[in-house]
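Hydrogens, waters and symmetry mates play no part in the numbers below; they use all other heavy atoms, side chains included. Please read these numbers as outputs of a predicted model, since none were measured by experiment. Lettering of chains follows the sequences in order, A, B, ..., and the numbering in each one begins at 1.
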Amino acid sequence: MSTGTGPKQVHLAAHFPGVNSTTVWADPRSGSQIDFSSFEHLARTAERGLFDFFFLAEGLRLREHNGRIHDLDVVGRPESITVLNALAAVTDRLGLAGTVNATFNEPYELARRLASLDHLSGGRAAWNVVTSSDAFTGENFRRGGYLDRADRYTRAAEFLATARELWDSWTPEGRQRPFAHHGPQFGIEGEFTVPRSPQGHPVVIQAGDSAEGREFAASAADVIFTRHSTLEAGREFYADVKGRLARYGREPGDLKIMPGVTYVLGDTDAEAQELAAEIRRQQVSPQNAILALEQVWGRDLSGYDPDGPLPDIDPDPESTLVQGRVRIADPVAVARKWRALSEAKGLSIRQTVIETSGRQSFVGSPGTVAAALAEFVATDAADGFILVPHLTPGGLDGFVDRVVPLLQERGVFRTEYSGTTLRSHLGLPEPVWKG
Amino acid sequence: MPRTRTLHLAAELAPGTGPSASAADPLAASSAGTAAARTVALARLAEAAGLDFLTHDDSFARPGLDALAVLARVAPETRSVGLVPTVTTTHTEPFHVQAAVATLDWVSRGRAGWRIAVSPSGAEARLFGRRPAPPTAALWQEAGEVAEVSRKLWDSWEDDAEIRDVATGRFVDRRKLHHVNFQGATFSVKGPSIVPRPPQGHPVTVVDATRPAARDTAAHHADVALIRASSAEEAAALRAELLQGARAHGRDPGQLRVLLSATVDLDAYEGGPGALAELIAGWHGGGAIDGFHLVPAVPERDLDRFASDTVTRLRDRGLFRTAYEGGTLRDHLGLTRPVSQYATTGAHA
């Protein structure tokens, strides 16, 4: 597919919606977020739609807010790699990508688990490398504390390099050879128990937007999972990251850029817009609106009316109210912006949160959405998309039934899988064996 | 002895534990998918015979795939048989271990167990580079702590924690989610688990209690203890010791099953599958064991002969089930589903 002279192809992946405020769990069509049948449904739908891969996030500690476990969004999820191994039994071609933290794992064990998944799925495994958020998460692990930001990437880079040494420790002919890695982070040696797997190395995904994250992806990842969902931001990011590849001896096609995006479909564009507004209202319940406010203000605001005005008091920049989430860098500036918006448009707390929280990336009729996705890819704002439906597990059904055929008609999406491995779906080169 | 005691049968899937290990190396000629196809075929054979569960051995130092991964791959292709991977506790993270075992219970719809093992060798320690291999007694002490914190984490979500209360906007009732605040000798865990309480409440814990170093951990923490013995008297004595140990730890000994684990080469076994059925029936009837864990020398051959011949004879005598009666591994073993140790008995704050 990638060697043809036709239009640039769109890559698609499906994210199982979980712990976040995207999921509309109160919708009567919303099913279990933990029963295997939900994972099976979404994965089979993605495979029916000829998607490149299915993507699972990871949780290592339940989020807390003001010292109490967060209770407003979907809470709890399974362990990624185990679910993906089970999904390998009910799918044939779909790539299976799991997020696994490089801070609270060890290279030998994780490399073995990923190689096992690649064998058991016939070459469909992918690993989304992330690093730890904080000491709060560390309280569940032997390692305990946390690594500071710079050390997290140092460890992640050496972790990945070590995993690749292990994956290369068997020759392509199937001979086991001893390995030894002695670096600043890891000193390990012995024999890896798993032969070279069907993809050689499972596909490596990296999610991150910082300069360090971009550099790490350019040097070592096969796919970068981003948040840029406007054409302008996407093109800028795309040019920047692809521009970093040459210094690592890599070609632009060696790293696929796939933003995580949400979408709303309607029979007409107007209907989709209405539906999108209604979904945003469901995502921002009155309780969620106060919570979002507390995350900015760093104060207990439970006494405020979500339908009333924003608080007069300023945020507490020293607050420890929020844990297990990324901290807002400059809460005073955010509060100022929210107040200005609220006053200018006469918005309540809840309306302000709805207005400022993430909008759906693609809203419209199937034709409108297909055209927009195709334009992103054709104009180098992305190589494809990781779709995040707002309903579990049926949220992808309409997309596969109504948008995929339109992408195929445009000649920008496959009509059948041409290979069996995830690398072949993504058009990625086989990793060179470093003997 | 009460006549109605149920006989339990289990089998090992991973070659490498028997004498012909090297000949049966599953990865010797591995191409993509062959390991999965082979294991699924064996699991279906065992399920057709009505076995309680399948074990899959594992070690960081022996060629083979990750056992829990293999059995997760098998889960959707089977319906009833219990799935018990070996999961080691020495170089792993207790929080990850309990989450993976709980997830195996979710994907198998209540059929998961785990066989706890330790990693005593220096070779295994060097694969991780974090600490030298501690003495065996300390490893089993730690394994017991991992079993204990796992139960706490499985219980840290009460069964009815998910409420989806649209009126108040709450997805869970946080009064039914609990920090475990576990402090062990070598690790601590805050909790709660990230995984909701698994279908069985607690997946089934299996410990090979053959070695004395593992025996107290088995008596304290196992739902199923595996033993090895060369006579019915020896098996009965070991079983009695384990049940007494369970009682000493404050457990109901009626919630511990003791299975005789034996490597069997049914080609070489004197009298073949028929004699094996006689032996199992005799030892079980005499109260020496609750069941039998077959470790086939050559899985494809021995598991097939065991299923088609030994199991059939045991059924003919009315000693073994002809069909699964329950859906979970706990059902097969006659073990109760535990109540969460944090259960708040419906009292509302």
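Relative orientation of the A:F192 and A:Y108 rings is perpendicular, given thresholds of 30° and 60° on the angle between their planes. The aromatic rings of A:F16 and A:F39 sit parallel, their planes meeting at an angle under 30°, below the 60° perpendicular limit. Ring geometry, B:H202 versus B:W154: the interplanar angle falls from 30° to 60°, so the pair is classed tilted. Ring pair B:F128/B:F60 is perpendicular by interplanar angle, where above 60° counts as perpendicular and below 30° as parallel.
Crowding of B:R337 atom CZ: a count of heavy atoms from other residues, nucleotides or ligands under 6.0 Å exceeding 12. For A:R177, the CZ atom is densely surrounded, since the number of other residues' heavy atoms within 6.0 Å is greater than 12.
Both the backbone and the side chain of B:A69 come within contact range of chain A, with heavy atoms under 4.5 Å apart. Using a 4.5 Å cut-off between heavy atoms, A:S30 contacts chain B through both its backbone and its side chain. Both the backbone and the side chain of A:V83 come within less than 4.5 Å of a heavy atom in chain B. Contacts between A:I69 and chain B at a heavy-atom distance below 4.5 Å involve backbone atoms as well as side-chain atoms. Residue contact with chain B, scored on non-hydrogen atoms closer than 4.5 Å, involves the side chain of A:Q287 exclusively. With a 4.5 angstrom heavy-atom cutoff, A:S80 does not touch chain B via any of its atoms. Both the backbone and the side chain of A:E189 come within contact range of chain B, each with at least one heavy atom under 4.5 Å from a heavy atom of that chain. Looking at A:L60, the atoms closer than 4.5 Å to chain B (heavy atoms on both sides) sit in the backbone and in the side chain alike.
Against chain A, the residues from residues 139-152 of chain B that qualify, each with a non-hydrogen atom under 4.5 angstrom away, are B:E142 in number order.
Every residue two or more places apart in sequence or in another chain that forms a side chain to side chain contact (heavy atoms under 4.5 Å, CB included) with B:A43 is listed here: B:L54, B:V74, B:T78.
Interface summary for chain A: among B:S193, B:A100, B:A75, the most heavy-atom pairs under 4.5 angstrom belong to B:A100. Options A:I188, A:D35, A:D71, A:T82 differ in how many heavy-atom pairs under 4.5 Å they form with chain B, and the most are formed by A:D71.
Two residues are said to be in side-chain contact when any heavy atoms from C-beta on lie closer than 4.5 Å; A:Q33 and B:F171 meet this criterion.
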